[in-house]
Visitor: 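Got a structure for you, written out below as structure tokens; questions coming shortly.
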Amino acid sequence: MTRDIQRIAVNTGGGDAPGLNAVIRSIVLSSLRRGWEVLGIHKGYQGLLDTSKIIQLDRDSVRGITHIGGTILGTTNKGNPFAFREYTPDGGIRVHDYSERALENFRALGLDCLMVVGGEGTMEIAHRLFEMGVPVIGIPKTIDNDLEMTDYTFGFQTAVEVASDAMDRLHTTGRSHRRVMILEVMGRNAGWIALEAGIAGGAHVILIPEIPYRIENIVEKIRLRAEGGSPYSIVMVAEGAHEEGGSAIAQESGATRLQGVPQLGGVGFYLAAQIQEHIALEVRCTVLGHIQRGGSPCAFDRVLGTRLGSRAAEAAARGEFGNMVALRTPEIVLVPLSEIAGKCRTVPLTSQLIHCAEAIGINLGRQNGFS
Ligand code: F6P
């Protein structure tokens, strides 16, 4: 599908992640150099349904934004045009398919390419739009790092930095007070943040969604540490972690009904109560939450975002639509959206990260599988 490009648009969808503005700036600068016009679509795919807030992105609009968190275009995780959820007057939820409207608006705007920056949900929608004839290019974002076919998504390294810094701070309190300190981090289906930040921050226990835990294994680890002269422990837990035979803990609210996806959170406090039942040490829990997603991207995410953005413009120039740009160290490559849509990259149980954690004595909630 090659075409002479004159006007492209970019949107950012799903949860924000540090590095989004670096991507937008990179797309804009590399597109302007090619003589293209760039439009910014407000709030992910929602801005394709209501086009009244579309803006022109010029050099001035992206000046000095690389280091700024969030996204100048706004974002939402409630804007799927194929399954748009709206409240009915009686408080129920109705789901509409507005994809034809999105397509009509794309055409009416005279666009030659749509660049979508987002996670798995955003890529799946991009793939469906591509199948309807929209020339799309995907750019992988998520602090969870759970997108297939890319070594890393941008945003992840910043989240790991923030979480490992929090671990350092919890260490000093844990040690001084002789407490068990729990840190709950994000990681809906995948434990990448918990695992990397846990290793970086010297966790004694790391719980991830991929390995259901047994409380007796955690208690045993804490007890052995105390008996060995270390009467404190630091526990890192991903929000999606759960007990063997259990499921992730979620909060119900009006917002989650509209979003159609449960809002995870609470496993840290649940775990604290479980541990406290068996251990004389005081147990405390900290939930890091959106602190991991906000603020300035680290240098790695700024560079990765900039590389992905410029490679996306190059792909558009070559008419390589229906693909996502991806990091295959050291290159930025293209992978078909069809191979990413509907998939989630969890931590493989054979991962060297898991092996490494257990090799140095970190407990992952199971009997140490290290040999
Ligand atoms: O997908 C990224 C993520 O940070 C998940 O880890 C987390 O479950 C979710 O976003 C939280 O989203 P929200 O901002 O809607 O609460």
Side-chain angles (χ1 to χ4, degrees), residues 12-20 23 43-46 69-71 73-80 83 85 93 116-126 138-148 150 152-164 166 183-198 206-210 236-242 247-270 286-295 297-298 301 305 324 340-347:
T12 54
D16 66 333
L20 278 164
V23 175
K43 278 184 109 179
Y45 292 109
Q46 249 185 50
T71 160
L73 295 176
T75 188
T76 178
N77 29 26
K78 303 181 191 73
N80 181 354
R85 297 166 77 90
I93 299 277
V116 298
V117 193
E120 183 273 318
T122 305
M123 293 307 143
E124 181 161 13
I125 296 165
I139 297 145
K141 164 242 66 163
T142 163
I143 65 161
D144 287 4
N145 198 36
D146 59 359
L147 264 181
E148 279 290 352
T150 183
Y152 289 112
T153 52
F154 71 85
F156 169 68
Q157 287 298 339
T158 305
V160 169
E161 292 292 332
V162 172
S164 69
L183 180 66
E184 180 184 309
V185 294
M186 286 187 172
R188 172 169 282 279
N189 303 303
W192 296 108
I193 297 177
L195 206 46
E196 289 212 4
I206 302 176
L207 305 175
I208 59 175
E210 294 85 347
M236 170 69 101
V237 58
E239 61 181 357
H242 54 86
S247 54
I249 298 176
Q251 321 294 324
E252 265 289 328
S253 70
T256 59
R257 284 178 60 225
L258 197 56
Q259 193 177 326
V261 178
Q263 185 191 331
L264 298 191
V267 64
F269 284 105
Y270 178 71
T286 302
V287 179
L288 205 48
H290 292 82
I291 305 279
Q292 293 154 94
R293 285 207 333 225
C298 65
D301 284 333
M324 182 185 86
I340 296 143
K343 293 185 188 155
C344 175
R345 188 172 72 108
T346 54
V347 182

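Every number for a ligand or one of its atoms is a count from 1 in the order of the listing.
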Visitor: Which atoms of ligand 1 have any heavy atom of Ile143 under 4.0 Å away?
Guide: 4 (O)

Visitor: Let me know which of Thr76, Asn80, Val116 forms a side-chain contact (heavy atoms from CB on, under 4.5 Å) with Tyr45.
Guide: Val116

Visitor: Of the backbone atoms (N, CA, C, O) and the side-chain heavy atoms from C-beta on, which set of Glu239 has a member under 4.0 Å from an atom of ligand 1: side chain, backbone, both, or neither?
Guide: side chain

Visitor: Compare all side-chain heavy atoms of Met186 with those of Leu288 and state whether any distance is below 4.5 angstrom.
Guide: no

Visitor: Rounded to the nearest 0.5 Å, what separates atom CG in Asn145 from atom CD in Gln157?
Guide: 8.0 Å

Visitor: Asn77 heavy atoms, cut-off 4.0 Å: which ligand 1 atoms fall inside?
Guide: 15 (O)

Visitor: Of Glu120, Lys343, Met123, Met324, which meets side-chain contact (heavy atoms from CB on, under 4.5 Å) against Glu148?
Guide: Lys343

Visitor: Give the single entry among Arg293, His290, Lys78 that approaches atom 10 (O) of ligand 1 most closely by any heavy atom.
Guide: Arg293

Visitor: For ligand 1, is Gly119 a contact, meaning one of its heavy atoms is under 4.0 Å away?
Guide: no

Visitor: For atom 1 (O) of ligand 1, what is the closest protein heavy atom, and at what distance to 0.1 Å?
Guide: Asp144 OD2, 3.5 Å

Visitor: With heavy-atom distances below 4.5 Å as the criterion, would you say the side chains of Val117 and Leu20 are in contact?
Guide: yes

Visitor: Are any of the N or O atoms of Gln263 closer than 3.5 Å to those of ligand 1?
Guide: no

Visitor: Distance to 0.1 Å, residue and atom name: give those for the protein heavy atom nearest to atom 4 (O) of ligand 1.
Guide: Met186 SD, 2.8 Å

Visitor: Tell me every residue that passes side-chain hydrogen bond (donor to acceptor under 3.5 Å, both in side chains) with Thr158, counting only those two or more places apart in sequence or in another chain.
Guide: Asp301

Visitor: Measure the shortest side-chain to side-chain distance between Leu147 and Phe156 over non-hydrogen atoms and say whether it is less than 4.5 angstrom.
Guide: no

Visitor: For Arg188, take its heavy atoms, then give the atoms of ligand 1 lying under 4.0 Å from any of them.
Guide: 6 (O), 8 (O)

Visitor: Please work out whether any backbone atom (N, CA, C, O) or any side-chain heavy atom from C-beta onward of Leu264 is under 4.0 Å from ligand 1, and answer side chain, backbone, both or neither.
Guide: neither

Visitor: With sequence neighbours excluded, tell me which residues meet salt bridge (Lys or Arg N to Asp or Glu O under 4.0 Å) with Arg293.
Guide: Asp16

Visitor: Considering the heavy atoms of Gly187, write down every atom of ligand 1 situated less than 4.0 Å from one of them.
Guide: 6 (O)

